[in-house]
Student: 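First the structure, which I've put down as structure tokens, then a few questions once you've had a look.
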Amino acid sequence: MPAYTVREWDKLTYGAGAEQIPDSHANRLAALAARSAFAGHGGNGVLEHGRHALRARGVVGILAAGDVSLEILPKIDVAPGETLDHQNAAIRKRLVHMLAVALDLKIDLGVITDLAWQRETLLEILIRIFCNKLTEALRKGMPRRYVTRDEDLSVLRGQLDITRQFTRHAVDPSRLACRFDLLSEDTPLNRIMKAAVVRLARLSRRTTNQQRLRELAFVYADITEEPVSALRWDQVVIDRTNRSWQELFAMARLFLQDRYQTTTGGVGEGTAMLFEMNALFEEYVGRLTARALAGTGLTVSLQAGRLFCLSAQDSGRALFQTKPDILIRQGGTVTHVIDTKWKRISARIDDPKQGVSQTDVYQMMAYAQLYRAPRMTLLYPHHPGLGAEDAVQARYRITGHSTTLETASIDVSNSSQMLAKLRGLVIGETNPSLTEAETFNQNAST
């Protein structure tokens, strides 16, 4: 199966060369991308289907159409001296970690070899992690729960369903309409796990993953197979009896639903698992900010606030609700509003505005008016063009307000300093011992 890799905002030219893609493959992938929910008006939101090249945009993930696949990786700067394979491996590792933080997954990235990060696509790596976790969980037993069954039996079991008895068996009293509880493995949770195994078996192209998925499908042979649209997510209850399945449930949702991504499929269409980097970056930074500020007396709320910009004079109806990415409160008072933006800003020496969009500034001015916070931050991913990493890039005073608006950057490739940098950004304090790995493991084990 031909597999291609490109980074967001980069191009993949048409042709038969080593770093090119044939027109026929490009056409199929572009057609699949155009059907994504992220395609937008004109269908170019995922891939720009140009005359000479495919150009990736701000969406990452996997597109698979027939016998060809395209992996889109985020534009994260890594060690410049490394080979392309090593750079892509480092980016895959960071992306998987971002997904783990956003979904509250405990993933030991160290169990995956450097060779696997280089040779396997993002999808195959996620499938491998899922198979490993599911196999380990099944060794301890498949979760079961009591389900209500309605059956017509020759002897009474449980309770007699009077209504069904006298409507269905009025002339045949030898059959009893029974209703009873049965401890069963055919539960909504196990049906979701089976659906994930079935879908991944169709997507995977790695021999080892295919073998693992066939083994798992055999284990789930007696579980009812349902289409994804019929799965009862609302009936899954994670409690103390099945707490160990919480991460697998989240991973199944990752493969089957559209929390951060969109998945499309169908006969002759192919399958896409795509992640909008804006949403993923927002959730990733928000969760890490909450961890970084634990124990400081500050509380962190994600997508909260929800104040309205306007109210109609005639009806009083509230309009244009706001949802700042991150609200930081002290004693119930909002002290800091952070809005994340997955885009590159320029150095001040190149552009006094740093490439910050006017729309983003207007948005922060609205937040300043509504939330009365003394400090507002637009937070972007760091890149070498900004020079040595410094959390705050520039500070401004909002006209007519005492509020300070600042632009800041955070290096998502520097995992060891993420928590310390975020803590320093908010409260001006850095703790070298506060590493992302330590805090992540601590939170995952509690």
Student: Between Q210 and S204, does any side-chain donor sit less than 3.5 Å from a side-chain acceptor?
Tutor: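 Short answer, no.
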Student: Which heavy atom of M142 sits nearest a heavy atom of I223, and at what distance?
Tutor: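 Looks like SD-CD1, 3.9 Å.
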Student: How about R317: does its CZ atom have over 12 heavy atoms from other parts shown lying under 6.0 Å from it?
Tutor: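 Incorrect, the count does not exceed 12.
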Student: N209 side chain to I127 main-chain N or O, any donor-acceptor pair under 3.5 Å?
Tutor: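 Not confirmed, N209 side chain does not pair with I127 backbone.
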Student: Would you say that more than 12 heavy atoms from the other residues, nucleotides or ligands in this model lie under 6.0 Å from the CD of E19, or not?
Tutor: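 Counting other residues, nucleotides and ligands, CD of E19 stays at 12 neighbours or fewer.
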Student: Is the shortest side-chain N to carboxylate O distance from E406 to R395 below 4.0 Å?
Tutor: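 Here E406 pairs with R395 in a salt bridge, since their nearest N and O are under 4.0 Å apart.
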Student: Given the rule in the salt bridge (charged side-chain N to carboxylate O under 4.0 Å, His left out) test, do D411 and K421 qualify, once you have shown the distances and angles that lead to the verdict?
Tutor: CA-CA 9 Å; D411 189 356; K421 290 291 186 181; over 6 Å; no
Student: Thinking salt bridges, do E120 and R128 make one under a 4.0 Å N-O criterion?
Tutor: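 A salt bridge links E120 with R128.
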Student: Between I410 and F281, is any pair of side-chain heavy atoms under 4.5 Å apart?
Tutor: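 Side-chain contact under 4.5 Å: yes.
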Student: Shortest non-hydrogen contact from R253 to W233?
Tutor: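 For R253 and W233, the tightest heavy-atom pair comes out as CA-CH2, 3.7 Å.
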Student: So, for V59 and I72, which heavy atoms are closest and what is the spacing to 0.1 Å?
Tutor: O-CG2, 3.2 Å
Student: Is a side-chain donor-acceptor pair under 3.5 Å present for R306 with T322?
Tutor: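 Side-chain D/A pair, T322 to R306: absent.
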Student: Counting only heavy atoms not in R57 (residues, nucleotides, ligands), do more than 12 fall under 6.0 Å from its CZ?
Tutor: yes
Student: So, R329 side chain and T335 main chain: donor-acceptor pair closer than 3.5 Å or not?
Tutor: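 Not at all, since once roles are kept as given, no pair shorter than 3.5 Å links the two residues.
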Student: Can you tell whether the side chains of E124 and R119 come within less than 4.0 Å, N to carboxylate O?
Tutor: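 Not counted as a salt bridge, because no side-chain N and carboxylate O are separated by less than 4.0 Å.
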Student: Taking atom types as modelled, find out whether H52 and T13 have a side-chain donor-acceptor pair closer than 3.5 angstrom.
Tutor: no
Student: Within a strict 4.5 Å, meaning less than it, do heavy atoms of the H86 and V78 side chains meet?
Tutor: no
Student: Establish, from distance only, whether the side-chain atoms of S357 and D360 form a donor-acceptor pair under 3.5 Å.
Tutor: yes
Student: With the side chain counted from C-beta on, respond yes when Y14 and R51 share a heavy-atom pair under 4.5 Å apart, and no when they do not.
Tutor: no
Student: Taking atom OG1 of T187 and atom CZ of R232, what is their separation to the nearest 0.5 Å?
Tutor: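 Going from OG1 on T187 over to CZ on R232, the span is 13.0 Å.
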Student: Keeping the roles fixed (side chain from H401, backbone from T403), state whether a donor-acceptor pair exists under 3.5 Å.
Tutor: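 The answer is no, because no donor-acceptor pair under 3.5 Å joins these two groups.
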Student: Under 4.5 Å between any side-chain heavy atoms of V198 and K194, yes or no?
Tutor: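 Sidechains of K194 and V198: in contact.
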Student: For the CD1 atom of I192 and the CZ atom of F249, what is their distance to the nearest 0.5 Å?
Tutor: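 So the CD1 of I192 and the CZ of F249 are separated by 4.5 Å.
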Student: Indicate yes or no: at least one non-hydrogen side-chain atom of I326 is less than 4.5 angstrom from one of V285.
Tutor: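 Touching, per the 4.5 Å side-chain cut-off.
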Student: Sort and list the pairs that fulfil ring-ring contact (aromatic ring centres under 6.0 Å, His included) and have at least one residue in residues 103-133, not counting sequence neighbours.
Tutor: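 Listed by first then second residue: F130-F255.
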Student: Quick one: do D77 and R344 make a salt bridge, cutoff under 4.0 Å?
Tutor: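 Salt bridge present between D77 and R344.
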Student: Donor-acceptor check, side chain of R55 to backbone of K11, threshold 3.5 angstrom: yes or no?
Tutor: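 Looks like no, no N/O pair under 3.5 Å.
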Student: Indicate yes or no: at least one non-hydrogen side-chain atom of L73 is less than 4.5 angstrom from one of V6.
Tutor: no
Student: Taking side chain as C-beta onward, heavy atoms only, is T271 less than 4.5 Å from R202?
Tutor: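 No, side chains not in contact.
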Student: If we only count heavy atoms from C-beta on, is the L379 to K341 side-chain gap below 4.5 Å?
Tutor: no
Student: Quick one: closest heavy-atom pair of Y371 and P324, and the distance?
Tutor: OH-CD, 3.5 Å
Student: Is E82 atom CD crowded by more than 12 heavy atoms from other residues, nucleotides or ligands, each under 6.0 Å away?
Tutor: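 Enclosed: over 12 neighbouring heavy atoms sit under 6.0 Å from CD of E82.
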Student: First locate atom CG of L63, then atom CG of L54, and finally report the distance between them rounded to the nearest 0.5 Å.
Tutor: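 Spacing of CG (L63) from CG (L54) equals 9.5 Å.
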Student: Does the E247 side chain pair with the main chain of K106, one donor and one acceptor, at a distance under 3.5 Å?
Tutor: yes
Student: Run the side chain to side chain contact (heavy atoms under 4.5 Å, CB included) check on L419 and R291 step by step: do they pass?
Tutor: CA-CA 7 Å; L419 292 179; R291 293 176 188 176; 4.2 Å; yes
Student: I would like to know whether L254 and F275 meet side chain to side chain contact (heavy atoms under 4.5 Å, CB included); could you show each step before the answer?
Tutor: CA-CA 10 Å; L254 175 71; F275 305 86; 3.4 Å; yes
Student: If only side-chain N and O atoms count, and only distance matters, is there a donor-acceptor pair under 3.5 Å linking T83 with D85?
Tutor: no
Student: List the atom of L105, the atom of M251, and the distance in Å for their closest heavy-atom pair.
Tutor: CD1-CG, 3.7 Å
Student: How far does NZ of K133 sit from CH2 of W245, to the nearest 0.5 angstrom?
Tutor: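 If we round to the nearest 0.5 Å, K133:NZ and W245:CH2 are 12.0 Å apart.
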Student: For the pair M273 and L123, evaluate side chain to side chain contact (heavy atoms under 4.5 Å, CB included) and give the outcome as yes or no after the intermediate values.
Tutor: CA-CA 8 Å; M273 187 174 73; L123 178 62; 3.7 Å; yes
Student: Roughly how far, to the nearest 0.5 Å, is the CD atom of Q393 from the OG atom of S409?
Tutor: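 Answer rounded to 0.5 Å: 4.0 Å.
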Student: Can you tell me which residue among L378, L327, V426 is in a side-chain contact (heavy atoms from CB on, under 4.5 Å) with I338?
Tutor: V426
Student: Scan side-chain atoms only and decide if R92 and Q87 contain a donor-acceptor pair under the 3.5 Å cut-off.
Tutor: no
Student: Determine, step by step, whether R397 and T404 satisfy the side chain to side chain donor-acceptor pair (under 3.5 Å) criterion, reporting the C-alpha distance in whole Å, the side-chain angles of both residues, the deciding distance to 0.1 Å, and the verdict.
Tutor: CA-CA 5 Å; R397 181 72 66 191; T404 298; 3.2 Å; yes
Student: Would you say the side-chain atoms of T5 pair up with the backbone N or O of N88, donor to acceptor, closer than 3.5 Å?
Tutor: no
Student: Short question: side chain of N190, backbone of P143 - any donor-acceptor pair under 3.5 Å?
Tutor: yes
Student: Is a salt bridge present between D67 and R28, judged by a nitrogen-to-oxygen distance below 4.0 Å?
Tutor: yes
Student: Can you check side chain to side chain contact (heavy atoms under 4.5 Å, CB included) on V356 and Y380, steps first, answer last?
Tutor: CA-CA 10 Å; V356 176; Y380 302 86; 3.5 Å; yes
Student: Between the main-chain N or O of D23 and the side-chain N or O of N27, is there a donor-acceptor pair closer than 3.5 Å?
Tutor: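 Side chain of N27 to backbone of D23, a donor-acceptor pair under 3.5 Å: yes, one is there.
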Student: Would a distance-only check, ignoring hydrogens and angles, find a side-chain to backbone donor-acceptor pair under 3.5 Å from N278 to W342?
Tutor: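 Yes; judged by distance alone, with no hydrogens or angles, the pair exists.
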Student: Please determine if R287 and D104 form a salt bridge, counting it only when a charged side-chain N lies under 4.0 Å from a carboxylate O.
Tutor: yes
Student: Any donor-acceptor pair under 3.5 Å linking the side chain of N132 with the backbone of I129?
Tutor: no
Student: Distance from C309 atom SG to Q363 atom CD, nearest 0.5 Å?
Tutor: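 Interatomic distance, C309 SG to Q363 CD, rounded to 0.5 Å: 9.5 Å.
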